[in-house]
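One-based numbering along the sequence shown.
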Amino acid sequence: MQSVKAYREKSISNESFVLDEVAFFNCVLKNCDLFYSGGEYQVVETKLDGCRIHFRGAAKNTQALFLTLGMLKAPLQLPAQTTPLAKAN
């Protein structure tokens with residue numbers, strides 16, 4: 001059985017975590033990468049600020065299924081930036 005590391009009342013910045021291996025209780029996570037594979041997780045009274053969530057394995061497959069079935073919207077894709085053409089005089 002896999003061990004789960006618990007974080008309690010911590011402020012953590014710029015770290016990476018596998019959500020299947022950690023538990024957060026009353027924490028603040030800022031600019032962190034959170035990887036989720038579909039297992040059990042505990043995130044209780046925890047604030048996420050600028051964090052990125054990455055789906056892997058079964059979680060990624062579930063996300064793809066929900067997108068295909070229209071149960072989730074695809075992430076917003078912004079158009080490429082273009083430089084306006086100067087007007088000819």
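Heavy atoms only, all atoms of each residue included: His54 and Asp33 are closest at NE2-OD1, 2.7 Å. Considering all non-hydrogen atoms of both residues, Leu29 and Cys51 come closest at O-SG, 3.3 Å. When all heavy atoms are compared, the tightest approach of Ala59 to Gly38 is CB-N, 3.6 Å.
By the criterion of side-chain heavy atoms lying less than 4.5 angstrom apart, applied directly or through intervening Ile, Leu, Val, Met, Phe, Trp or Tyr residues, Phe55 is not grouped with Phe66; the two fall into different hydrophobic clusters. Cluster annotation: Val22 is connected to Leu48 through the hydrophobic network of ILVMFWY side chains, with a link wherever side-chain heavy atoms come within less than 4.5 Å.
To the nearest 0.5 Å, atoms OH (Tyr41) and CG (Asp20) are separated by 10.5 Å. Going from atom CG of Asp49 over to atom CD1 of Ile12 covers 13.5 Å, rounded to the nearest 0.5 Å. Atom OG of Ser11 is separated from atom CG of Asn26 by 9.0 Å, given to the nearest 0.5 angstrom. A distance of 10.0 Å separates CD in Glu9 from CD in Glu45, rounded to the nearest 0.5 Å. Once rounded to the nearest 0.5 Å, the distance linking CG of Leu67 with NZ of Lys73 reads 12.0 Å.
Side-chain contact between Phe35 and Leu19: absent, with no pair of heavy atoms (C-beta onward) separated by less than 4.5 Å. Counting only heavy atoms from C-beta outward, the side chains of Leu34 and Val43 never approach each other to under 4.5 Å. Residues Thr46 and Cys27 form a side-chain contact, since some pair of their non-hydrogen atoms from C-beta on lies under 4.5 Å apart.
Phe17 pairs by the ring pair (Phe, Tyr, Trp, His ring centres under 6.0 Å) definition with Tyr7, Phe24, not counting sequence neighbours.
Within the hydrophobic cluster formed by Ile, Leu, Val, Met, Phe, Trp and Tyr side chains joined at under 4.5 Å, directly or through other members, Val44 is accompanied by Phe25.
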